[in-house]
**Q** 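Before I ask anything, let me first share the structure, which is written out below as structure tokens.
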Number of protein chains: 2
Amino acid sequence: MPAKRATSYACPIRDVLDRVGDAWSVLVIMELAGGPCRFNALQRVVNGISARMLSVTLRHLERDGLVSRRVLETSPPQVEYALTTTGASLHRAMGELAAWAETNQPAIREARAAYDASLEAAQ
Amino acid sequence: MPAKRATSYACPIRDVLDRVGDAWSVLVIMELAGGPCRFNALQRVVNGISARMLSVTLRHLERDGLVSRRVLETSPPQVEYALTTTGASLHRAMGELAAWAETNQPAIREARAAYDASLEAAQ
DNA sequence: GTATCTGGTTACCGATCGTAACTTATCCAA
DNA sequence: TTGGATAAGTTACGATCGGTAACCAGATAC
């Protein structure tokens with residue numbers, strides 16, 4: 001029995017991060033914040049995501065009510081994904097964290113390099 | 001053709017989330033924000049984490065310069081972990097997301113239940 | 001006929017995660 | 001002096017997860 005499930009109800013942060021924590025979800029939300037987008041268009045723009053992971057990610061986000069799915073009556077039928085209002089509010093809440101990531105990326109890279117170097121020196 | 005959206009996907013968000021994305025890191029950071037803490041004390045307070053995952057998580061955070069590790073000259077020797085200034089700034093940046101998680105947890109639960117119910121109805 | 005577009009699904013494999021057991025050492029109580 | 005508790009992890013192993021490649025039907029374009 002995974003501890004994950006046991007604690008998620010006690011901790012909203014954990015509960016939300018179990019879904020939003022994976023990098024793909026965040027990248028998809030960032031992309032959809034720019035406006036609705038179709039499946040293949042999303043895959044082209046979210047660098048490195050596979051069709052399977054995009055499919056899985058979108059279904060999770062849809063289940064949590066963060067993303068809506070609409071089938072267009074074209075031929076071949078297209079599928080348009082968009083943020084719901086809840087999804088849009090999450091995107092806004094991620095803003096501060098995104099800014100932090102951008103300003104602190106160099107510091108983190110440096111720290112990693114220093115740590116790895118010190119380990120190598122210890123050998 | 002999909003409009004090319006100007007998003008930088010060598011991207012810091014992804015880079016940071018690869019580390020911070022797992023729920024354990026976040027929970028440990030939240031805990032350490034309350035002040036320095038020893039290994040076993042952390043394990044008792046972070047609900048459900050195993051010694052192995054705590055060890056792994058702390059080493060990752062230390063490598064990224066978000067957490068410091070200090071061995072106390074006691075007997076038996078104790079190890080005290082604390083947020084660095086970078087780690088503390090990350091905690092501050094997570095505040096908005098944490099608040100979002102708390103206010104939106106009910107909505108997400110509801111959406112999940114509705115989604116699962118509609119799937120079952122479709123069967 | 002063949003290539004490309006649409007939105008996915010399936011099979012498979014290696015990395016990761018969690019659980020339980022083990023380690024080395026010191027102190028306290030019986 | 002033997003057992004238990006606490007300290008901070010490490011190791012082995014099985015389950016689960018994420019990613020890659022291949023494949024599907026139907027339609028349009030060349």
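Proteins get letters first, then strands, A, B, ... in listed order; numbering begins at 1 in each. Bear in mind that the values here come from a model prediction, so they are computed numbers and not experimental data. Hydrogens, waters and symmetry mates are skipped; everything else that's a heavy atom, side chains included, is used.
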**Q** Tell me, please, which residues at least two apart from Ser75(B) pass side-chain contact (heavy atoms from CB on, under 4.5 Å).
**A**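 Per chain and number, Ser75(B) pairs via side-chain contact (heavy atoms from CB on, under 4.5 Å) with no residue.
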**Q** Roughly how many Å is it from CD1 in Ile49(B) to P in dA20(C), rounded to a whole number?
**A**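 Between P of dA20(C) and CD1 of Ile49(B): 15 Å.
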**Q** Side-chain N or O of Arg44(A) versus OP1/OP2 of dG7(C): is the shortest distance under 4.0 Å?
**A**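 So the side chain of Arg44(A) is outside the cut-off, no N or O lying under 4.0 Å from OP1 or OP2 of dG7(C).
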**Q** Only pairs under 3.5 Å count here: list side-chain donor-acceptor contacts from residues 89-98 of chain A, not counting sequence neighbours, and write none if there are none.
**A**
residue, atom, partner, partner atom, Å
Ser89(A), OG, Thr86(A), O, 2.7
Ser89(A), OG, Trp100(B), NE1, 2.7

**Q** Can you pull out every salt bridge (charged side-chain N to carboxylate O under 4.0 Å, His left out) where at least one residue sits in residues 76-85 of chain A? Sequence neighbours excluded, please.
**A**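 Passing the test, one end in residues 76-85 of chain A: Arg70(A)-Glu80(A).
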**Q** Below 3.5 Å between N/O atoms, which protein atoms pair up with nucleotides 25-30 of chain D? Just atom names and distances, please.
**A**
residue, atom, partner, partner atom, Å
dA27(D), O3', Ser75(A), OG, 3.1

**Q** Over how many whole Å does the gap from Leu54(B) atom CG to dA7(D) atom P extend?
**A**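 From Leu54(B) CG to dA7(D) P: 13 Å.
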**Q** If a protein heavy atom is under 4.0 Å from the base, mark B; if only from the sugar-phosphate, S; if neither, -; do that for nucleotides 8-13 of chain C going 5' to 3'.
**A** BBBB--
**Q** Once you round it to whole Å, what is the distance between P of dG9(D) and CG of Leu42(B)?
**A**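 It is 11 Å, rounded to the nearest whole Å.
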**Q** Write down the distance between CD (Gln78(B)) and P (dC27(C)), rounded to a whole number of angstrom.
**A**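 To the nearest whole Å, that distance equals 12 Å.
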**Q** Whole Å only: how far is the CG atom of Leu58(A) from the P atom of dT6(C)?
**A**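 Those two atoms, CG and P, are 15 Å apart.
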**Q** Hey, could you give me each pair passing salt bridge (charged side-chain N to carboxylate O under 4.0 Å, His left out) that has a residue in residues 35-54 of chain B? Not counting sequence neighbours.
**A**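 Non-adjacent pairs meeting salt bridge (charged side-chain N to carboxylate O under 4.0 Å, His left out): zero.
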**Q** side-chain contact (heavy atoms from CB on, under 4.5 Å) with Ala114(A): which residues, sequence neighbours excluded?
**A**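 By the side-chain contact (heavy atoms from CB on, under 4.5 Å) rule, Ala114(A) matches no residue at all.
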**Q** State whether Trp24(B) places a side-chain N or O below 4.0 Å from either non-bridging phosphate oxygen (OP1 or OP2) of dC17(C).
**A**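 False: Trp24(B) side-chain N/O out of range (4.0 Å or more) of dC17(C) OP1/OP2.
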**Q** Return each pair, listed once, that meets salt bridge (charged side-chain N to carboxylate O under 4.0 Å, His left out) where at least one residue sits in residues 58-67 of chain A; pairs must be two or more places apart or across chains.
**A**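 As it turns out, the salt bridge (charged side-chain N to carboxylate O under 4.0 Å, His left out) pairs with a partner in residues 58-67 of chain A, which skip direct neighbours, are Arg19(A)-Asp64(A), Arg63(A)-Asp116(B), Asp64(A)-Arg112(B).
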**Q** Under the rule for side-chain contact (heavy atoms from CB on, under 4.5 Å), what residues qualify as partners of Ser68(B), not counting sequence neighbours?
**A**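 In terms of side-chain contact (heavy atoms from CB on, under 4.5 Å), with neighbours along the sequence ignored, Ser68(B) is linked to Ala82(B), Thr84(B).
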**Q** Do Ile49(B) and Leu27(B) come within less than 4.5 Å of each other through their side chains, counting heavy atoms only?
**A**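 No. Closest side-chain heavy atoms not under 4.5 Å.
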